[in-house]
Amino acid sequence: MLSELLRDRGYDTTCVGFSGNPSSRGFHTNLDYRAWSNWDERPLDKALDLNRVAVPELERLLDRDRPFFILPRHMEPHAPYLPPDP
């Protein structure tokens, strides 16, 4: 995994998405955000919820004196699509 290769070469690695998902394997840090909901809670601001978690983590990584890799796992393009009422 890319995360493992970078981690082993001194990178600070973070996945913002879903811990337990195979693509989150090998990261130093795994941060979850609310990206699934139901029809009654539409619209769900998946990207905004991801940013609420990812931006503070990005700021933390920028303050460190080492290279980093952050993977923001956006769920906006995935179902379920929960648009607002017409």
Side-chain angles (χ1 to χ4, degrees):
M1 299 287 286
L2 177 61
S3 57
E4 295 168 323
L5 292 171
L6 293 173
R7 182 192 63 207
D8 293 346
R9 285 164 179 77
Y11 281 70
D12 195 346
T13 59
T14 297
C15 178
V16 180
F18 306 99
S19 51
N21 185 295
S23 65
S24 66
R25 188 180 82 211
F27 286 86
H28 287 108
T29 305
N30 284 288
L31 301 173
D32 293 325
Y33 72 98
R34 186 168 177 249
W36 302 107
S37 185
N38 62 55
W39 188 257
D40 294 331
E41 296 178 299
R42 71 186 186 282
L44 181 61
D45 295 321
K46 297 175 190 178
L48 182 59
D49 289 341
L50 179 139
N51 289 342
R52 286 185 182 127
V53 174
V55 169
E57 177 64 6
L58 181 57
E59 290 171 347
R60 182 190 74 81
L61 292 168
L62 287 168
D63 284 341
R64 299 185 57 141
D65 190 24
R66 65 189 282 191
F68 66 86
F69 173 68
I70 185 170
L71 174 63
R73 296 192 55 232
H74 286 277
M75 299 308 292
E76 284 289 348
H78 301 285
Y81 301 107
L82 302 174
D85 287 327

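One-based numbering along the sequence shown.
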Return the set of residues passing side-chain contact (heavy atoms from CB on, under 4.5 Å) with Leu5 (not counting sequence neighbours), or none when no residue passes.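 Scan of Leu5 (side-chain contact (heavy atoms from CB on, under 4.5 Å), adjacent residues dropped) gives Arg9.
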Answer yes if [X] and [Y] sit in the same cluster of Ile, Leu, Val, Met, Phe, Trp and Tyr residues linked by side chain heavy atoms under 4.5 Å apart, and no otherwise.
X	Y	value
Leu6	Phe27	yes
Leu71	Leu2	yes
Val16	Leu61	yes
Ile70	Tyr11	no

If the condition is salt bridge (Lys or Arg N to Asp or Glu O under 4.0 Å), which residues does Arg60 pass it with, not counting sequence neighbours?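 By the salt bridge (Lys or Arg N to Asp or Glu O under 4.0 Å) rule, Arg60 matches Asp12, Glu57.
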Between Thr13 and Gly26, what is the shortest heavy-atom contact and its length?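 Reported closest heavy-atom pair: OG1-O, 4.0 Å.
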Starting at [atom1] of [X], measure out to [atom2] of [Y] and round the result to the nearest 0.5 Å.
X	Y	atom1	atom2	answer
Thr29	Phe68	OG1	CZ	12.5 Å
Tyr33	Leu50	OH	CG	4.5 Å
Ser24	Met1	OG	CE	8.0 Å

So, Ser3 side chain and Arg25 main chain: donor-acceptor pair closer than 3.5 Å or not?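 Yes, the answer is positive, given that a donor and an acceptor are paired below the 3.5 Å cut-off.
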